[in-house]
Amino acid sequence: MQQHMRFHISSHRGVVLLLMVFMISCASEAQEKLSENIRTNQIGFYPPAQKIAVVAGEAYSEFYIASPDLKQKYFSGKLSDVKRSAFSPKPTRLADFSAFKTPGRFVVVIPGLGYSYPFEIREKIHEGVAKASIKAFYYQRFSMALTPQYAGQWSRASGPTHREVIVHPSAATEKRPAGTVISSPRGWIDAGDYNKYIVNSGITTGTLLSAYEDFPAYFDTLKLAIPESGNDVPDVLDEILWNLRWMLTMQDPADGGVYHKCTNARFDPMVMPDQATTPRYVVQKGTAAALNLAAVSAQAVRVLRKFERQFPGLADSCLRAAQHAWKWAQKNPDVKYDQNKMNEAFDPDVTTGAYGDRDFSDEFSWAAAELYATTKDAQYRNAIGLSPGALLVPTWNQVRLLGYYTLIRHEKQLPAEAQPVVAEMKQRIVQFAGDMIKDVGSHPYHTVMGSTPKDFVWGSNAVAANQGILLIQAYRISGDKRYADHALSNLDYLLGRNATGYSFVTGHGSKTPMHPHHRPSEADGVTAPVPGLLAGGPNPGMQDKCAYPSSIPDEAYIDDVCSYASNEVAINWNAPLVYLVCGIEAMR
């Protein structure tokens, strides 16, 4: 009896002790709060992939992975040693939980600091972002109403159709004198404003066509719920064609020259597209515009040849347009778009985005590469040329690498005389990628992006995405998985593992831009912005003079509609996001 009582008392004490431990544990969990100093990909991770969270500015040493309600602990580890930036005073530590591969929904917990935004671990983790990044272009369409069936709460009236566009005096010719009315419908809203720019459409459309050329099997089955879905054409190609068909209208059929942009004289106020009713003009032809159209049209030929039944004759029309534009550029090799000089000579003054370029060697190289890959004509091979200096990640005014990517992509179909040049291009891209990843282990966010303050320019998030594309190209050339892994880490950067703590893709993540500099998102009366748009990202130039919370290069971002320098959206930023996230999904 005494033994039984002793056992009962002992058991009772054990239960009490366990209860006390449980209560202490619950109390400890209850004290943990959401901490925005724990930065990680807010969407999540593939089970076998690297998984990293960054703890900013705090001297903690341990972490664990828990369920979002903090009741279950799954994995624990030690934080890394401090990582220090060359341009930020804030130290960081890494929580590496790559060994944790269990599918589910989780948070990272730093005892005493708090827990992260939730994320998932599963296959196809970025499929939602991939679809949204492409469908964002549908929301940017001109010349059509967006209906609730496809646009949901972001449905809207058509806005300007651009079927009556005026030839500006700067663009006048004998056959098309000033005041001539032409039709230039379709195309995408370029950025936060309601204008269409050929040079920005060039890199955008070229990047999207490249994504399709590199991963056709992936895109052939990707459904986006757009009006053309189900028409026996990949949805991404339908979306590309909405802009390509507009680009073709910007060519003067008489001489092959291409107008720089289709624009109103001044930026519209923050109104919906149907309220943007001021006259639209096509303005001065230029070398950059001609070469951008030549490159994109020549590239489109290769894709459209596979869809001759659906689009009879369109590939041939694109080839003629490309060759015509190339000939114009050969005759006019240095026609710069200088908006200030144009305004001194002609009225009305035009003060919308200039997209002025002064060096066309990269555009000539890109257009020649696309025409050569399509036609195999030696005249284009001789005009390609190799970059005389260091390679540069593509931007709207530096497109040489797009031609490299194309020639490498089609290497096996090229004549033998092209092989030495292509071999050198491959070597240089792999070397460039190798230099990119060389010191990533010491970077505060363990990403290629942000290795230097020079990464943080206007549209810095497009820098991150285009770095990712280059890394994917290096992986496809070399088979070295490190390059693919670092491309994925740059996507992690865009989705939350960065010094701002934002996932920069609207509608995707827990902390995303809510007030982008984007007229439809600001004027539509809907709380949430149009989804799938990539905000510009940190820009210490702060040209908009808004009240930024920080001037540190990787923190110089503000989620405010006033911030066209850090929070605007643009098609040439979304396009490399499409390539990066879709390429990663396709390669899994």
Side-chain angles (χ1 to χ4, degrees), residues 201-217 219 234 236-237 240-241 244 247-248 256 258 290-308 311 314-330 360-387 391 394 398-430 466 469-470 472-474 476-477 575-576 579 583:
S201 276
I203 186 172
T204 300
T205 311
T207 299
L208 294 174
L209 285 166
S210 293
Y212 182 80
E213 285 198 284
D214 280 342
F215 306 107
F219 286 108
V236 70
L237 182 54
I240 290 169
L241 285 174
L244 177 62
M247 293 181 72
L248 293 172
V258 180
L291 292 169
N292 270 266
L293 181 68
V296 168
S297 298
Q299 185 177 16
V301 171
R302 301 191 297 270
V303 174
L304 290 169
R305 290 288 187 215
K306 304 175 185 177
F307 299 93
E308 188 65 34
F311 305 111
L314 184 55
D316 291 336
S317 295
C318 286
L319 183 56
R320 285 194 296 272
Q323 292 171 328
H324 209 189
W326 174 262
K327 289 177 181 176
W328 187 94
Q330 292 286 96
F360 308 125
S361 60
D362 55 303
E363 283 87 1
F364 271 109
S365 179
W366 177 33
E370 299 296 349
L371 280 159
Y372 182 57
T374 297
T375 67
K376 315 302 187 293
D377 189 327
Q379 68 167 309
Y380 303 119
R381 185 195 72 234
N382 296 335
I384 292 168
L386 288 167
S387 171
L391 297 185
Q398 180 48 252
V399 292
R400 189 183 303 273
L401 269 185
L402 301 183
Y404 284 30
Y405 297 163
T406 283
L407 294 175
I408 293 167
R409 179 182 302 126
H410 296 286
E411 176 185 17
K412 293 181 180 178
Q413 289 77 46
L414 296 179
E417 57 265 27
Q419 300 306 319
V421 173
V422 176
E424 184 173 348
M425 290 176 174
K426 289 164 70 174
Q427 184 270 328
R428 294 186 70 182
I429 284 176
V430 172
N466 275 299
I469 293 175
L470 186 133
I472 289 174
Q473 296 294 332
R476 288 166 60 84
I477 293 167
Y579 186 109

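What you see below is based on every heavy atom in this structure, not just the backbone, and it leaves out hydrogens, waters and symmetry mates.
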Expected output: side-chain [X] to main-chain [Y] donor-acceptor under 3.5 Å:
X: Q398; Y: L391; value: no
X: Q419; Y: L414; value: yes
X: T207; Y: P576; value: no
X: R428; Y: S387; value: yes

So do the side chains of [X] and [Y] get within less than 4.5 Å of each other, counting heavy atoms only?
X: Q323; Y: T375; value: yes
X: L248; Y: S297; value: yes
X: R302; Y: L209; value: no
X: L314; Y: L241; value: yes
X: L244; Y: C318; value: yes
X: Y372; Y: L407; value: yes

Can you tell me how far [atom2] of [Y] sits from [atom1] of [X], rounded to the nearest 0.5 angstrom?
X: S201; Y: N292; atom1: OG; atom2: CG; result: 9.0 Å
X: I477; Y: K426; atom1: CD1; atom2: NZ; result: 6.5 Å
X: D362; Y: L402; atom1: CG; atom2: CG; result: 9.0 Å
X: T204; Y: M247; atom1: OG1; atom2: CE; result: 8.5 Å
X: R476; Y: R409; atom1: CZ; atom2: CZ; result: 7.0 Å

message = Set out, in order, the CA-CA distance, both residues' side-chain angles and the distance that settles side-chain contact (heavy atoms from CB on, under 4.5 Å) for W326 and L291, then state yes or no.
response = CA-CA 6 Å; W326 174 262; L291 292 169; 3.9 Å; yes
On a heavy-atom basis, which atom in [X] and which in [Y] lie closest, and how many Å separate them?
X: N466; Y: P394; result: ND2-O, 3.4 Å
X: A315; Y: V301; result: O-CG2, 3.4 Å
X: G202; Y: V296; result: O-CG2, 3.3 Å
X: F364; Y: A329; result: CZ-O, 3.7 Å
X: A369; Y: I384; result: N-CG1, 3.8 Å
X: A322; Y: A294; result: CB-O, 3.4 Å

query = Step by step, would you call L319 with R305 a side-chain contact (heavy atoms from CB on, under 4.5 Å)?
reply = CA-CA 11 Å; L319 183 56; R305 290 288 187 215; 4.2 Å; yes
task = Answer with yes or no whether the side chains of Q299 and T205 bring together a donor and an acceptor at under 3.5 Å.
result =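 Side chains of T205 and Q299: no pair found under 3.5 Å.
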Any side-chain donor near an acceptor of the partner, R400 and S361, under 3.5 Å =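 Yes, S361 and R400 have a side-chain donor paired with an acceptor closer than 3.5 Å.
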query = Can you say whether the rings of Y212 and F219 are parallel (under 30°), tilted (30 to 60°) or perpendicular (over 60°)?
reply = tilted
request  = Could you check Y405 against I429 for side-chain contact (heavy atoms from CB on, under 4.5 Å), going step by step and ending with a plain yes or no?
outcome  = CA-CA 9 Å; Y405 297 163; I429 284 176; 3.9 Å; yes
request  = Please lay out, stage by stage, how I472 and Y579 fare under the test side-chain contact (heavy atoms from CB on, under 4.5 Å).
outcome  = CA-CA 10 Å; I472 289 174; Y579 186 109; 4.1 Å; yes
